[in-house]
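FYI, side chains are in, hydrogens and waters are out, and symmetry mates aren't considered; it's all heavy atoms of this structure.
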Amino acid sequence: MTAELVRGQNHTLPQTRLEIRISAGTPVVAGATLGDEHGTVAGAEWVAHPGSPQLHGLEVSRQAAAGHRLAVDLDALPAGVHRVTVLLALPLGAGGPTRFGAVASPFVAVTALDGTEIATFTLTGLDSESAVAALELYRRQGAWKVRAVGQGYAGGLAAMLADQGLDRAAELAGTIQEAVARGLARSVSPPPRTPEGDRVRHAPTPAPAPGDGQPPVPPPAPPQPEPLAEPAAPAGPIDYAHPRRLPTAPPPPPPAAPPAQPGQPAQPVAGDATGWSMDERLYNQVWGMFEDLARAVAAYRSAVDFAESRMDQELERTLSDPRSRIGGAGDRAREEARAKRDELTARARESLDRDLAQLDAESAVVEPALPAPYAGWDNPVWHGYRVPMEIPMALRIGDLHLPERADLRIPLLVRLPLERGMWIDSGRTASEAAALTGPDQLRRLAMETAVLHAARLLAVYPPNEFTVHVIDPAGSAAEALAPLVRSGVLPSPPAAGAQGVSSVLAHLTRRVDLVQMAIRAGAADSLPPDLDPAEQLLIVNDFPHGFDDRAVTQLRYLADEGPSVGVHLMMVADREEASEYGPVLDPLWRSLLRVTPVADDHLADPWVGHAWTYEPPRTPPGSTVLDQVLERVAHARRTGSR
């Protein structure tokens, strides 16, 4: 039976391998400290947090989220640890709430590895606190117990860490918030989820329940709407409803999978997630595959880490025993420890391979079924392209993969209308692949990537409902921009020179101001007749060259205020070259989703925080599909037909 704890109450733990599940109404930072018998934290190396998520016997989430799963193996903790304190904190500078009194009460559950709840605690009564010690696991007379704490700190993480005796607590608190901010800029937003979840398909075969010698389940956080991936709070709540759809009845059930052969996993079916339409089902299915792969690899990596850690501990005990030096006992112990490590690792790999095989089979049926907005440029669906009459749910902006199976690609889908712009990094210091690419080639690839993104956006919107502007101060991107220019999809040529930069930025800034004023006044009909009501995208090349302080301020304004009224940025820039502006540009970078023109492992999933390799979109060599699509878009803009 689950023990529902109140503040100060304790409960005996029946086992030592546990999960701590956290659910909050807003993204929070989750961490844990290790304390001695007096509860004192010896140093920063005894604190698990997003910047340092793994300690012996403990692993926490790598980023802020509205849900977390922390893994604890009390037997694997260092010998001097008598207390594990689970802490929560609100991320600073994320545009979200700054005190726990403004959000729903966080809920914490201590569970067995199979999910069975052992004890739960709801943190009520918080007000001005921005950090809280939620609960503690403590050792008393050789047994472990859990105590509900709920001690809040208005002084935030620094005050809480200092209260546990940590030296230089403010410095570590700053390090934790910096790690959260870095995750903020590289994280991918998850889709909204139904209360039951979107995955009704046949998930990959789960790993066997951990028994003796098995590692704890890894600590990925369950997905929630609006996670840390969205750095700036929108002007109002994001409407996740499908454009132009009135939900008058529940969505129809997904298609049933064909019967599975005895002893065999069920055959995957394209579109077997929940949704109102096949496109929505496929969207949810792709995100389900993304989540499944993230969690499967997390389980594998956790198992391998556990096997290595266990071997190290056994070797350390063997080497510290003088008897191991007699008669070859030490050599036998080392061989046994390594054999046990290899056995655990092999079992983990077998489980991962089963999951990967199921996902591979699913990808084989899903990829060919994707509609044009979700499909790669090499998909035949683009050859039958017609300009749509309504906005799709999402857009594919590239592919993601992990090193465990580099050929298993997950489409990276972002919601439409766009909720944040993009920064295409043209710098050679951005990644190893970029460093091996010549600077001129890298800048050309970056602009070509921007053109491909812009072309897809133009192609998936109805006629005249999406407009692209280009700023190219020195005219250096003429070759890359040629497909947009010669097709006639741009309302005006790319802006060059100081006057061109100033004119485009003034035009879009005015549009943001006018639409915001009309919304606040409830007078949308009063907008000037010359104002373009379409969604706007501004491609900015070669920043910061040709941009003065006023232009930089306007770009920051567009990045902050533009998305809420349909104005989005696509910056093509080398961040190293822009560093001369110092911290003034940090909010601009954080407000944009960073992608690269070459493969780079910089994006993080919203569940586990793996570093995923991002593959930018590319058209097949020699293909004319881009020109064909843009010509049809231009024709539809001129004639208003498909």
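Looking only at distances, a side-chain donor or acceptor of Arg7 sits under 3.5 Å from a matching main-chain atom of Val149. Not a single donor-acceptor pair under 3.5 Å links the side chain of Glu117 to the backbone N or O of Thr2. Judged by distance alone, with hydrogens and angles left aside, the side-chain atoms of Thr175 form a donor-acceptor pair with the main-chain N or O of Glu171 at under 3.5 Å. Here the side chain of His610 pairs no donor or acceptor atom with the backbone of Trp612 at under 3.5 angstrom. Judged by distance alone, the side chain of Thr40 and the main-chain N or O of Asp36 form no donor-acceptor pair under 3.5 Å. Judged by distance alone, the side chain of Arg338 and the main-chain N or O of Met311 form no donor-acceptor pair under 3.5 Å.
Looking only at side-chain heavy atoms (C-beta outward), Leu593 and Leu603 come within less than 4.5 Å of each other. Glu129 places a side-chain heavy atom less than 4.5 Å from the side chain of Asp127. In this structure the side chain of Leu92 never reaches within 4.5 angstrom of the side chain of Leu157, judged on heavy atoms. Within the 4.5 Å cutoff, side-chain heavy atoms of Val28 are placed close to those of Phe100.
Between atom CD1 of residue Ile20 and atom NE2 of residue His68 there is a gap of 12.5 Å, rounded to the nearest 0.5 Å. Going from atom CZ of Arg83 over to atom NE2 of His38 covers 10.0 Å, rounded to the nearest 0.5 Å. Going from atom CG of Asp312 over to atom NE2 of His56 covers 7.0 Å, rounded to the nearest 0.5 Å. Rounding to the nearest 0.5 angstrom, the gap separating the CG atom in Leu400 from the CE atom in Met289 is 11.5 Å. Here the CG atom belonging to Leu123 is positioned 7.5 Å from the CG atom belonging to Leu135, to the nearest 0.5 angstrom. To the nearest 0.5 angstrom, Leu137 atom CG is 11.0 Å from Thr16 atom OG1.
Screening Asp355, Asp353, Asp360 against Arg405 for a salt bridge (charged side-chain N to carboxylate O under 4.0 Å, His left out) leaves a single residue, Asp360.
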### Query
Are Leu293 and Asp605 close enough, and set up right, to give a side-chain contact (heavy atoms from CB on, under 4.5 Å), and what steps lead you there?
CA-CA 10 Å; Leu293 182 54; Asp605 64 82; over 6 Å; no

### Task
Might you work through the salt bridge (Lys or Arg N to Asp or Glu O under 4.0 Å) test for Glu404 and Arg301, ending with a clear yes or no?
CA-CA 10 Å; Glu404 282 77 5; Arg301 293 180 181 178; 2.9 Å; yes

### Message
side-chain contact (heavy atoms from CB on, under 4.5 Å) for Asp272 and Gln285? Distances and angles first, verdict last.
### Response
CA-CA 7 Å; Asp272 67 351; Gln285 188 172 13; 2.9 Å; yes

### Task
Go through the steps to decide whether Phe121 and Gln9 satisfy the test side-chain contact (heavy atoms from CB on, under 4.5 Å), and finish with yes or no.
CA-CA 10 Å; Phe121 176 42; Gln9 190 175 3; over 6 Å; no

### Task
Apply the test salt bridge (Lys or Arg N to Asp or Glu O under 4.0 Å) to residues Lys340 and Glu336: give CA-CA distance (whole Å), side-chain angles for both, the deciding distance (0.1 Å), then the verdict.
CA-CA 6 Å; Lys340 193 174 296 183; Glu336 291 174 359; over 6 Å; no

### Message
One pair to check against side-chain contact (heavy atoms from CB on, under 4.5 Å): Leu18 and Trp144. What are the steps and the verdict?
### Response
CA-CA 12 Å; Leu18 308 162; Trp144 283 93; over 6 Å; no

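Across all their heavy atoms, Gly156 and Ser130 have their closest contact at CA-OG, 3.2 Å. Annotation for Val180 and Ala64: closest pair CG1-CB, 4.1 Å, computed over non-hydrogen atoms. Annotation for Pro97 and Leu90: closest pair O-CD1, 3.7 Å, computed over non-hydrogen atoms. When every heavy atom of Ala179 is checked against every heavy atom of Pro50, the shortest pair comes out as CB-C, 4.3 Å.
With a 6.0 Å radius and a threshold of 12 heavy atoms from other residues, nucleotides or ligands, Glu4 has its CD atom at or below the threshold.
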